[in-house]
Participant: 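Just dropping this structure here.
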Amino acid sequence: MKKGLNEIIRRAIARAQERGELPEGALPPLIVGYPRDERHGDYATNVAMAMASHTKKAPRAIAETIVRFIEDAEGIIERIEVAGPGFINFFLKEAYWHYFLREADRQGERYGAGELGKGKRALVEFLSANPTGPLHIGHGRIAAFGDSLANLLEKVGYKVEREYYVNDRGTQMQLLGQSVYSRYLEEWERAVAFPPDGYQGAYIREIAHDIKKEEGDKYLSAPKEDVINLMGEKAAHLILGWIKDDLERFRVRFDRWYRETDLYSSGLAPRLLEELRGKGYLYEDGGALWFKSTLFGDEKDRVVIRGNDATTYFASDISYHKDKYDRGYDLLLDIWGADHHGYIPRMEAAVQALGLDKSIFKVILVQLVNLLRDKKQVSMSTRTGEFTSLKEVIQEVGVDACRYFFLLRRADSPLDFDLELAKKEGVENPVYYVQYVHARVTSIFKKAAEKGVEIPTFDNVDIALLRLPEERLLAKRVAIFPEFVEGMALALEPHRLTSYLQDLAGIFHSYYNKHRIISDDRELTKARFLLVKVIQGVVRSALGLLGIAAPAEM
RNA sequence: GCGCCUGUAGCUCAGCUGGAUAGAGCAACGGACUUCUAAUCCGUAGGUCGUAGGUUCGAAUCCUACCAGGCGUGCCA
């Protein structure tokens, strides 16, 4: 509807200009928004005020002029007001909102779907946590965010693929192997120095213990280097399995697990470095090979091959992203933890150096989670093994509450996750408030069935009977759902859905308490059935986008 | 030091590309169940939007400086 009004206003201004009633000239960006206060209309625009400065006319006079030239061909506008300093407020006809109830009912699950991404493919790479330890709570936030964002993009028409990039080689793998090896030796009571930066978590001991149990002492005599590599691989494989289990439980599914080692077995990584060298973007210094990322705005140049001949993760990432581009997506999103933000300039530099279209590549940073236990911050480090696992948190607070909690805040905003509070919140958690809407509607229909009340289809319902203010508010929420979804997809901000849901739930609960759906008035009952059915559908869709269940009873 | 993010009610946070009287949940207090689920509703109270300037018809939103917190600043990821 925003778009529709946009056109109507634009045409009105154009006509006014043709008649010489408004000066010619470029229009300011036309903004149609929702007024905070319903008394200011369903939609409002500030265009008259925006035009005031360069036309040297009073904003209210401009507004009056525009209003005089507005033509409402489809007859959806109830009335228009010029208000305040020069707002133009639009009040739409009930029938207009009711039209969307019909649409929502007709389209069912598809309602709210958009065309923004029609015919386009998007790749969302997220999480990509190193398989060096179990997922912790900070990973949970990224997983919830990435998955919901992917859902959102799907809803507006993108063909979306979710991808997890697995760092299964390099320094961290070495360290993992060394850590397991040390613990393995300890199992046999061999004196051994634990690697200084090694992974100290208890899970490393478990892995070492299991290796001992299943394979005995065969690794005691084998060459150390080989054993470390082998144990690194074993451990990574095992840990990746845990990660997959946790994600399964968290309802996050990936379409592809892209392994870093594949970049080397396919030869892509070395080829890409050659290409960069050929373009003159690489140089040697101090025994290392550097990429001239400063040419593209990075603070300093970055190493791609170290003095010890090892390639850096950055080298892998260059080829990985080149591969993403080669796969032909229209949108490439990377979701990273905010601690990686220093990495963005070099990644963008690499994209440009390869002559790729920077505009389709976007990194979204998700701020880390501060875990609070007894109001005190728990330091989190996979290396020291001091962290609270995602699995543990899911068990304590449940998947639904957990996901909702993570998506309650903007990705930009750091999140304090107070374990006690999250647990305690239980029934008071807003997620239940929203889910309860869904359950309540189910309950209404169950009751209706018991009473033998007919569940209508749209053909035999008179929607115009819905005349209560609350009914208008509800119909309106249903109506704006599609453009709301589109707005979120454009801004890449799934968290707005929680505000939308709580707003809708609030109006619904209030309505439910004040008025009866099932009454002696058959026709009114049918109309209300339709309304609540449609609301239930929207709630279900919205919860679905968040990856949260819509329970039939609670 | 430099860079990025954040600073809004007692707490946790919304506030959609600059708009009208800044919102919600929790916590606090007072009410509402013989009715379709009270996991709900109704009401009360709670604010120098970190500070100081600037831009303009208009700023929580944009710009500058400063203050506070987080993160980064490596031949780690």
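All heavy atoms count here, side chains included; hydrogens, waters and symmetry mates do not. By convention in this document, chain letters (A, B, ...) are assigned in the order of the sequence lines, proteins followed by strands, and residues within each chain are numbered from 1.
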Participant: Distance under 6.0 Å and angle within 45° of the ring axis: does A:R302 meet both against A:F314?
Facilitator: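 Output no; distance or angle outside limits.
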
Participant: So with a 6.0 Å cut-off around CZ of A:R259, is the heavy-atom count from everything else above 12?
Facilitator: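 No, because the 6.0 Å sphere around CZ of A:R259 holds 12 heavy atoms or fewer from other groups.
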
Participant: Among B:A77, B:C75, B:C41, find the nucleotide with the atom closest to the side chain of A:S510.
Facilitator: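 Closest of the options to the side chain of A:S510: B:C41.
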
Participant: Please give the nucleotide sitting opposite B:C13 as a Watson-Crick or G-U wobble pair, both distances under 3.5 Å, or none.
Facilitator: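 For B:C13, the partner nucleotide comes out as B:G23, under the 3.5 Å rule.
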
Participant: Scan A:R410 against the nucleic acid and name what it touches under 4.0 Å (heavy atoms): base, sugar-phosphate only, or nothing.
Facilitator: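 The answer is sugar-phosphate, as A:R410 gets under 4.0 Å only of primed atoms, P, OP1 or OP2.
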
Participant: With a non-hydrogen cut-off below 4.0 angstrom, is A:A83 in contact with a base, only sugar-phosphate, or nothing?
Facilitator: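 Base contact - A:A83 has a heavy atom under 4.0 Å of at least one base atom.
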
Participant: Let me see the working for A:D334 and A:K362 under salt bridge (Lys or Arg N to Asp or Glu O under 4.0 Å), right down to the final yes or no.
Facilitator: CA-CA 6 Å; A:D334 281 18; A:K362 188 163 169 54; over 6 Å; no

Participant: How far does the P atom of B:C41 sit from the matching atom of B:U8, given to the nearest Å?
Facilitator: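 After rounding to an integer number of Å, I get 27 Å for this pair.
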
Participant: Less than 4.0 Å between a side-chain N and a carboxylate O, is that true for A:R516 and A:D521?
Facilitator: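 Answer for the salt bridge query: no.
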
Participant: Think A:R60 has a side-chain N or O under 4.0 angstrom from the OP1 or OP2 of B:C57?
Facilitator: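 A:R60 to B:C57 OP1/OP2: no side-chain N or O under 4.0 Å.
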
Participant: Checking all strands, does A:F445 fall into the base, sugar-phosphate, or nothing category for heavy-atom contacts under 4.0 angstrom?
Facilitator: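 No contact.
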
Participant: Do the charged groups of A:E486 and A:K155 touch, with an N to O distance under 4.0 Å?
Facilitator: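 So A:E486 does not pair with A:K155 through a salt bridge.
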
Participant: Quick one: label A:R516 by what it contacts on the DNA or RNA (base, sugar-phosphate, nothing), any heavy atom closer than 4.0 Å.
Facilitator: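 Base, at least one base heavy atom under 4.0 Å.
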
Participant: Taking the same atom, C1', in B:A20 and in B:C36, what whole-Å distance lies between them?
Facilitator: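 Result for the C1' pair: 39 Å, nearest Å.
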
Participant: Which of the following nucleotides, B:C75, B:U6, B:A77, is nearest to the side chain of A:Q172?
Facilitator: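 Comparing B:C75, B:U6, B:A77 against the side chain of A:Q172, the answer is B:A77.
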
Participant: Regarding A:A52, tell me which of base, sugar-phosphate or nothing describes its non-hydrogen contacts under 4.0 Å with the strands shown.
Facilitator: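 Since no nucleic acid heavy atom lies under 4.0 Å of A:A52, the category is nothing.
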
Participant: Nearest to the side chain of A:Y433, heavy atoms from C-beta on, is which of B:A14, B:U40, B:A77?
Facilitator: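 It is B:U40.
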
Participant: Between B:G15, B:A77, B:A38, spot the one nearest the side chain of A:Y343, thanks.
Facilitator: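 Selected nucleotide: B:A77.
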
Participant: Between B:G53 and B:A60, how many Å separate the two P atoms, rounded to a whole number?
Facilitator: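 Comparing P positions in B:G53 and B:A60 gives a spacing of 14 Å.
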
Participant: Mind checking the C1' distance from B:A59 to B:A22? Whole angstroms is fine.
Facilitator: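 Result for the C1' pair: 12 Å, nearest Å.
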
Participant: Can a donor-acceptor pair under 3.5 Å be found between the side-chain atoms of A:D503 and the base atoms of B:A14?
Facilitator: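 Answer no: no donor N or O sits under 3.5 Å from an acceptor.
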
Participant: Salt bridge between A:E38 and A:R477, side-chain N to carboxylate O under 4.0 Å?
Facilitator: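 Yes, A:E38 and A:R477 are salt-bridged.
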
Participant: Looking at A:K300, does any N or O in its side chain come under 4.0 Å of the phosphate oxygens OP1/OP2 on B:C75?
Facilitator: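 Affirmative; the distance criterion is met.
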
Participant: Taking the side chain of A:Y432 as heavy atoms from C-beta outward, which of B:A39, B:U6, B:C4 is closest to it?
Facilitator: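 Within the option list, the nearest is B:A39.
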
Participant: Can you say whether a donor on the side chain of A:H340 sits under 3.5 Å from an acceptor on the base of B:G72, or the other way round?
Facilitator: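 Per atom types, no contact qualifies.
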
Participant: Would you say whether A:F87 stacks on B:G19? The test is a distance between ring centres of less than 5.5 Å and an angle between planes of less than 30°.
Facilitator: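 No, A:F87 does not stack on the base of B:G19, since the centre distance and plane angle fail the 5.5 Å and 30° test.
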
Participant: What I want to check is whether the side chains of A:D412 and A:Q367 have a donor and an acceptor closer together than 3.5 Å.
Facilitator: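 Per modelled atom types, A:D412 and A:Q367 side chains form no pair under 3.5 Å.
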
Participant: Closest approach to the side chain of A:S499, judged atom by atom: which nucleotide of B:A14, B:C36, B:A20 is it?
Facilitator: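 In terms of side-chain proximity for A:S499, the closest of B:A14, B:C36, B:A20 is B:A14.
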
Participant: Quote, to the nearest angstrom, the C1' distance that separates B:C13 from B:A9.
Facilitator: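 Between the two C1' atoms, the distance is 11 Å.
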
Participant: What is the nucleic acid contact for A:D298, judged by heavy atoms within less than 4.0 Å: base, sugar-phosphate only, or nothing?
Facilitator: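 A:D298: no heavy atom of the nucleic acid under 4.0 Å.
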
Participant: Heavy atoms from C-beta onward define the side chain here; which of B:A39, B:G18, B:G19 lies closest to that of A:I31?
Facilitator: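 Taking heavy atoms from C-beta onward, the closest nucleotide is B:G18.
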
Participant: Can you tell which of B:U6, B:C36, B:A20 lies closest to the side chain of A:A44?
Facilitator: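 Among B:U6, B:C36, B:A20, the one nearest the side chain of A:A44 is B:A20.
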
Participant: Between B:G23, B:C16, B:U6, spot the one nearest the side chain of A:R36, thanks.
Facilitator: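 Nearest to the side-chain atoms of A:R36, counting from C-beta on, is B:G23.
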
Participant: Among B:C71, B:C16, B:C41, which nucleotide sits nearest the side chain of A:H341?
Facilitator: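 Nearest to the side-chain atoms of A:H341, counting from C-beta on, is B:C71.
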
